[in-house]
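Quick note: numbers below take in every heavy atom, side chains included, and nothing from hydrogens, waters or symmetry partners. By convention in this document, chain letters (A, B, ...) are assigned in the order of the sequence lines, proteins followed by strands, and residues within each chain are numbered from 1.
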Amino acid sequence: MTIRIRMLLILGTCLLVSGLALLSVNTLTAVAQEATPDVTEVPVVLEATAEAQAEVSAEATTEAPVDEASDAYCLLCHSKPDQVWHLPSGETLSVTIDPAVLAASVHGETSTEGALGCNDCHPGFRYPHEPSTIRSVRDFQLERYAVCRNCHEEQYTRAQDSVHGEYIRANRVEAAVCVDCHGGHDVQSPNEPRQRISLTCGRCHGAIFEEYSQSVHGQALLGEDNPDVPTCIDCHGVHDIANPTTALFRTRSPELCAQCHADAEVMDRYDINTNVFDSYLTDFHGSTVALFEQETDGAVTNKAVCYDCHGVHSIQPIGDGTAIRETLVTTCRTCHPNASADFSNAWLGHYPATPEHQPALYAAGTVYDVALPLAALIPLLLLVTEVFRRLRSRGK
Amino acid sequence: MTVDTNLHSAPPAERRSILPRLERLVIVIALIGLTLTGLPQKFAGELWSHYAFVLMGGIESTRILHRFFALLLSAEAIYHVAAFLYRRLVLSAKRADTGGNALIATFRQLLRNLGGGTADYRFVLRLEYWVIVISAVLMILTGLALWKPVAVTNVLPAEIIPLFRSLHSDHALSLVVFLVLWRIGIALLWRPKRIAAPVATASAEQIASRRRTFIPVALIVAGVVVVGLFSFLTSTQTAISTVIPREAVIYAPQAMPDSGDPNIGAALWSTLRCAFCHGAEAQGGADGQPALRGTEVTLIDFYEQVRSGRGEMPAFSAEDLPDGYVLHLYTWLTQPGE
């Protein structure tokens, strides 16, 4: 074999090996991409026109140099209208920032802690942006919200312990994270005005919000800016929102209502009886529920709690009680299906018996107000006088 | 057949039957059981009640125990009535002088004690007997009604339930206070002599003849009472045993509702950025931004403008302002008479 043929064979073998190696690497990469599509990095493509890009580049090069870590640098692009990020999911995300909106937010010029800059929440972002693994708008929100923890550790931690945090960990991505309630850039004081609270919850809990908005509480909050009626968070909490479908929430719910309805100072303004909680607790249902709460956290009871009779979110005013009386037996039959037509008359309506209202019950109570002391007094008198008799007879 | 089937009889030892002692034992067990399971229910909010419930395995098991002791007392009451009728109707038993009315005797003794007279405390056992008899009737009747309120109110007016509850609860406490103090008096000071048991006056033939009628009738009546009680306790369902079914759509992003609510719209306006430009009451902005109260644009045009923006006005995405909220805003802005 001549040297030339040998060299050709060696060259051919090298080419073959190289070709096979290249092919296998490509195949492996493709397999890897198929297996883990979520971590594929894709270039960040904004809907900036070539003209705008050129303009930005020109500004960045011809004018006085802008610090890459400054807000002004970010706003060279992000203040331009119609800046949109095309995501692999097919969604688009507007990345145009209105500096005025940011400045008017709680993180803006009026912030007592000092205004936040872009890099406080988006640290390490430079232009051109690194390829991103974000595939959808929700991906982006879920990836970004953890940055709130840097300043709001307590609220963040409590939110993680909430039913929302629990759902997020279970990959129920629709559950609320910081930005869903507070916004990203246009962050306003979350409880000012107070209506904002329930309007915020209503964005995701639309059906419940509709019910609440028609309730006595909702109408007073939304229509009258009433400071006393509960918003969502007064019953459900703010960040550490508990799951309201648990047995524990059910057994503790009367205490939630009592926070306001047992408070004479608040109730006097509306001429509402504050005896409701105490009268409930002395009743069969209330005492059972209270005892279940004491037993164990998970003990389930089906005895009626406030919302079983008054409604959960659709609570209506009681007025003189006529309206609720008419439908009360229907409510009773929810749990007592064999209840007679007048079964609801067994319920005193949170009011103590009076001679006019429930005279027999009032009379019975009065009789035992006398009978109980007598039951003690008669034996005691007989005991004391017997001692007296003995002492006297001994003296003789 | 012995004749001393009486709670407070004390026949000579050789004639003493086991039955009265057994009755007394059952009554003592039932009353102590009812007290221990009943008092924590009456004073459910107290700390000591909490510990009592823990000891008895919770409120539900406490109620079951209370009902068990109530049934025990009811069974004893049925037997006691039968035994009483047996003595009266079959034996024609007569009791020796018992010292007259027990209540009057109580006051007489009080006066004697104060006046330095003699002591005759036989009445304390009779008074106690009648207190227990009257209380048992009251407590069993009211207790059964509270056990099965739905069945009772199918026949009687529902108002009796709170009345019976009050009677049951108040009477129980009065009874416990009375019995505890009364027993202390009996044990420490009064030490009454037992009253002689009733003595049969009927002849052996009469007794044998009457028994042939009495025993079957008594068994039938007792059977009817027991079956009646059983069917009363089991025939009507008082309440469902599950937690009240309740459905709610928890996660429901705001969608377009059937109609808008001006109250919600007004509240929204105060929370949105719209007011920055269009004024706090949508009356128009300082820089010529249009007034929106009373606007005549159609809902579709309004919606389009909110979503797309126009001129200086930014677009609001569904993320910023859900569809439902757009309708509420529009309803408030176009509300007549404002």
Between B:Tyr251 and A:His205, does the ring centroid distance fall short of 6.0 Å?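 Judged by ring-centre distance (under 6.0 Å), B:Tyr251 and A:His205 do not meet the cut-off.
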Segment of [X] engaging chain A (4.5 angstrom heavy-atom cut-off):
{"X": "B:His328", "answer": "side chain"}
{"X": "B:Val176", "answer": "neither"}
{"X": "B:Asp261", "answer": "side chain"}
{"X": "B:Val249", "answer": "both"}
{"X": "B:Ser270", "answer": "both"}

Decide yes or no on side chain to side chain donor-acceptor pair (under 3.5 Å) for A:Thr288 and B:Arg63, but give the supporting numbers first. CA-CA 10 Å; A:Thr288 311; B:Arg63 283 186 178 142; 2.8 Å; yes
With the threshold set at 4.0 Å, does a side-chain nitrogen-carboxylate oxygen contact exist between A:Glu386 and B:Arg191?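 So A:Glu386 does not pair with B:Arg191 through a salt bridge.
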Validation row: [X], [Y] side chains within 4.5 angstrom (heavy atoms):
{"X": "A:Arg390", "Y": "B:Leu189", "value": "yes"}
{"X": "B:Tyr325", "Y": "A:Leu199", "value": "yes"}
{"X": "B:Ile250", "Y": "A:Thr245", "value": "yes"}
{"X": "A:Pro337", "Y": "B:Gln237", "value": "yes"}
{"X": "A:Arg389", "Y": "B:Arg112", "value": "no"}

Does any heavy atom of chain B fall under 4.5 Å from the side chain of [X], the backbone, both, or neither of them?
{"X": "A:Glu210", "value": "side chain"}
{"X": "A:Leu348", "value": "side chain"}
{"X": "A:Phe284", "value": "both"}
{"X": "A:Val101", "value": "side chain"}
{"X": "A:Tyr307", "value": "both"}

Take B:Val150 and A:Phe343, measure what side chain to side chain contact (heavy atoms under 4.5 Å, CB included) needs, and give me the verdict at the end. CA-CA 7 Å; B:Val150 169; A:Phe343 185 70; 3.8 Å; yes
Counting heavy-atom pairs under 4.5 Å with chain A, which one of [options] comes out on top?
{"options": "B:Leu321, B:Val131, B:Val243, B:Leu272", "answer": "B:Val243"}
{"options": "B:Pro314, B:Ala119, B:Ala266, B:Gly185", "answer": "B:Ala119"}
{"options": "B:Ala252, B:Ala315, B:Ser174, B:Ser49", "answer": "B:Ala252"}

Please report the interatomic distance OG1(B:Thr106) to CG(A:Leu381), rounded to the nearest 0.5 Å.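 Reported to 0.5 Å precision, the distance equals 11.5 Å.
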Which distance, rounded to the nearest 0.5 Å, do you find between the CZ of A:Phe388 and the CG of B:Leu114?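 The CZ atom of A:Phe388 sits 6.5 Å away from the CG atom of B:Leu114.
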Determine whether the side chains of B:Asn263 and A:Glu224 contain a donor N or O and an acceptor N or O closer than 3.5 Å.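 No, because no side-chain N or O of B:Asn263 sits under 3.5 Å from a partner of the opposite role on A:Glu224.
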Per-residue contacts, residues 163-170 of chain B versus chain A, heavy atoms under 4.5 Å: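 If one takes a 4.5 Å heavy-atom cut-off, the residues of residues 163-170 of chain B near chain A are B:Leu163, B:Arg165, B:Ser166, B:Leu167, B:Asp170.
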